[in-house]
Amino acid sequence: DSKKDPKTFCVIIFLYLCSIQLNNNLNRKDNMNYVELNNGVKMPQLGYGVYQVEPAEAERCVLDAISVGYRLIDTAQFYKNEEGVGNAIAKCGVPRSELFIVTKVWPANAGEEKAYESILESLKKLQSDYIDLLLIHQPYGDYYGTYRAMERAYREGKVRAIGVSNFYPDRLIDLHHHVDIKPAVNQVETHVFNQQLEEQKYMEKYNCQIMSWGPFAEGKNDFFNNETLIEIGNKHNKTVAQVALRYLLQRGVVVIPKSTHKDRMEQNMDIFNFLLTDEDMKTIEKLDTKHTLFASHRDPQFVELVLSLK
C-alpha cells in the first residue's frame with residue numbers, strides 16, 4: 001500500500017509528473033501543422049527564426065527552441081549565426097531527420113561557382129550533410145547563376161528543396177519560367193499590416209509556398225498594443241502575438257517568429273489549440289495597408305545598401 005510507504009508514494013508521484021511532461025512534449029510535436037512543397041517535401045508551418053540573434057547567443061536560443069518543440073529553424077549566411085545553429089543541431093539530441101533547416105545565399109555570394117562554394121560552406125557551418133530548404137536571400141546580383149548552383153546542390157542531394165526570398169510576383173514568375181526546378185518557397189515580409197494577399201494568389205498559381213518573415217512586424221505600428229488584436233485575443237484567451245500567428249497559419253502561411261526568451265518561444269508555439277472565426281479573420285484582414293513597413297526592394301537606395309553588405 002503506497003499510502004503506508006512514503007518512499008513508494010513519492011516514486012509514484014514522480015513518475016506521474018514525468019508522464020505529464022512527456023505527454024506535453026509529445027503534444028507539442030503532434031500539434032504541429034505541415035505544408036507540402038511542390039516536390040512532396042513536408043515542411044513544418046511554424047518555425048523559429050534567428051534573424052538578429054547574436055552569433056554567441058544562437059546556440060542557446062536554438063537549443064531552447066528545439067527543447068520546447070520547434071523543428072523548423074530558419075537562418076541565413078548574412079545572419080552570421082549558422083555556426084551557432086550547427087552547434088545546436090549537433091548537441092540537441094533530436095535526430096537530424098526530424099529537423100527542418102533553412103538557410104539563404106546572400107548576394108555577395110551570387111553567381112554559379114561562388115554560390116555553390118558558399119553552399120558547401122553553409123553545410124560545414126551547419127554540421128549537416130544536407131539543407132532542408134535553401135533560398136536566394138535577395139533578388140539581386142547574378143541570382144540566375146545562384147539558382148543554377150542551388151539546382152546542382154539539389155540534384156546532388158545536398159538540398160531537399162529550393163526557393164527564393166523577397167521576390168515580388170514579377171521576379172518570381174520570370175524565374176519560374178526560366179529554371180528547371182521550380183521555386184518551392186518564397187519568403188517575404190508578411191504580417192497583419194502587410195498581408196500579401198494578392199501576392200499569395202500568384203504564389204499559389206505557381207505552386208510556390210508563401211513563408212513569412214517579420215510576422216510581428218518587428219513591433220512597428222505599435223503592433224503589440226493593437227486594439228483589434230487585443231480584443232480578438234481576449235475572446236480566445238490568447239495574446240496579440242498568438243492571434244497574429246494564428247491568422248497567418250489559417251491563411252496557409254509558414255511563420256518563423258523570433259524570440260530570445262524561452263517563455264515567449266513556448267507562447268508562440270501555443271497556437272494549435274484554438275481557431276479564429278470567419279468574422280475574426282475578416283476583421284484582421286481590414287488591418288492590411290498593402291505596404292511594406294521596412295523597405296521596397298525596388299528602392300535604389302535599398303538596393304545599393306544590400307549590395308554593399310557582405
Side-chain angles (χ1 to χ4, degrees), residues 17-34 42-104 122-128 130-133 135 187 191 211-219 223-224 233 238-246 248-249 253-274:
L17 292 174
C18 286
S19 69
I20 291 175
Q21 184 61 45
L22 178 61
N23 284 333
N24 286 342
N25 289 339
L26 288 173
N27 286 338
R28 274 198 292 260
K29 181 182 174 184
D30 292 343
N31 281 341
M32 179 59 67
N33 287 358
Y34 293 84
K42 288 188 176 180
M43 177 181 186
Q45 200 181 351
L46 172 67
Y48 177 68
V50 296
Y51 176 56
Q52 293 181 332
V53 174
E54 291 295 326
E57 279 279 275
E59 179 180 331
R60 176 193 65 80
C61 288
V62 174
L63 283 172
D64 282 348
I66 292 172
S67 75
V68 303
Y70 291 89
R71 292 298 178 262
L72 187 166
I73 307 296
D74 178 273
T75 183
Q77 294 172 354
F78 179 67
Y79 301 168
K80 312 298 182 188
N81 54 23
E82 286 178 314
E83 288 179 327
V85 173
N87 290 337
I89 292 170
K91 294 177 181 179
C92 69
V94 174
R96 176 65 183 86
S97 60
E98 293 184 15
L99 300 174
F100 194 99
I101 307 302
V102 184
T103 194
K104 313 174 195 74
S122 288
L123 285 165
K124 183 179 177 181
K125 290 178 178 178
L126 292 167
Q127 301 181 49
S128 179
Y130 65 93
I131 295 163
D132 294 278
L133 175 63
L135 307 176
Q187 184 181 127
H191 46 76
M211 182 177 182
S212 159
W213 63 256
F216 303 144
E218 296 185 11
F223 182 94
F224 294 104
K238 292 293 179 179
T239 67
V240 164
Q242 289 167 331
V243 169
L245 291 174
R246 185 70 214 181
L248 295 177
L249 214 66
V253 179
V254 173
V255 292
I256 47 168
K258 184 213 88 174
S259 176
T260 57
H261 303 286
K262 192 172 182 179
D263 59 335
R264 298 263 177 82
M265 296 178 193
E266 291 175 329
Q267 289 175 21
N268 293 339
M269 280 283 292
D270 188 25
I271 59 173
F272 298 103
N273 54 7
F274 78 108

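This chain uses plain numbering: 1 for the first residue, then up along the sequence.
- Note on residues 54-69: pairs passing salt bridge (charged side-chain N to carboxylate O under 4.0 Å, His left out), not counting sequence neighbours, are Glu57-Arg60, Glu59-Lys91, Arg60-Asp64.
- Distance check: Leu135 CG to Gln77 CD gives 11.0 Å after rounding to the nearest 0.5 Å.
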If you apply the rule side-chain contact (heavy atoms from CB on, under 4.5 Å), what do you find for Leu126 with Ile101, and how did you get there? CA-CA 9 Å; Leu126 292 167; Ile101 307 302; 4.1 Å; yes

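- Put simply, CE on Met32 and CD1 on Ile271 are 8.0 Å apart, with the number rounded to the nearest 0.5 Å.
- A salt bridge does not link Lys258 with Asp74: every distance from a Lys NZ or Arg NE/NH1/NH2 to an Asp or Glu carboxylate oxygen is 4.0 Å or more.
- For Pro215 against Leu248, the heavy-atom pair with the smallest separation is CB-CD1, 4.0 Å.
- Interatomic distance, OG of Ser67 versus CD of Glu266, reported as 7.5 Å (0.5 Å rounding).
- Phe223 approaches Val240 most closely through the heavy-atom pair O-CG1, 3.7 Å.
- Using modelled atom types, no side-chain atom of Arg96 and backbone atom of Ile89 make a donor-acceptor pair closer than 3.5 Å.
- A heavy-atom distance below 4.5 Å is not found between the side chains of Gln127 and Glu83.
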side-chain contact (heavy atoms from CB on, under 4.5 Å) between His191 and Ser212: does it pass, once the steps are laid out? CA-CA 7 Å; His191 46 76; Ser212 159; 5.7 Å; no

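- Taking CE from Met269 and CG from Leu245, the interatomic distance works out to 11.5 Å, rounded to the nearest 0.5 Å.
- By the 4.5 Å heavy-atom criterion applied to side chains, Pro257 and Leu46 are counted as neighbours.
- For Thr75 against Lys104, the heavy-atom pair with the smallest separation is O-NZ, 2.7 Å.
- For the atom pair Glu98 CD and Ile66 CD1, the distance stands at 10.5 Å (nearest 0.5 Å).
- Counting heavy atoms from C-beta outward, Gln45 and Val255 have side chains that stay 4.5 Å or more apart.
- Of all heavy-atom pairs spanning Ala88 and Leu63, the tightest one is O-CD2, 3.6 Å.
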Let's go through Asn81 and Lys125 carefully: what are the C-alpha distance in whole Å and the side-chain angles of both, what is the deciding distance for side chain to side chain donor-acceptor pair (under 3.5 Å) to 0.1 Å, and is it a yes or a no? CA-CA 9 Å; Asn81 54 23; Lys125 290 178 178 178; over 6 Å; no

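- Here the side chains of Val50 and Tyr79 are in contact, with some heavy-atom distance below 4.5 Å.
- For the atom pair OH of Tyr70 and SG of Cys61, the computed distance is 11.5 Å after rounding to the nearest 0.5 Å.
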Does Lys238 form a side-chain contact (heavy atoms from CB on, under 4.5 Å) with Phe274? I'd like the steps, not just the answer. CA-CA 9 Å; Lys238 292 293 179 179; Phe274 78 108; 3.5 Å; yes

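- The closest side-chain donor-acceptor pair between Asn268 and Gln242, if any, does not fall under 3.5 angstrom.
- Nearest heavy atoms, Lys262 versus Val68: CE-CG1, 3.6 Å.
- Minimum interatomic distance between Ile256 and Gln187 (heavy atoms only, all atoms of both residues): CD1-OE1, 3.9 Å.
- For the pair Arg71 and Tyr48, the cation-pi test (distance below 6.0 Å, angle within 45°) is failed.
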Give the C-alpha distance, both sets of side-chain angles, the deciding distance and a yes or no for side-chain contact (heavy atoms from CB on, under 4.5 Å) between Ile73 and Leu99. CA-CA 8 Å; Ile73 307 296; Leu99 300 174; 5.5 Å; no

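- Not one N or O on the side chain of Tyr51 forms a donor-acceptor pair closer than 3.5 Å with the backbone of Ala76.
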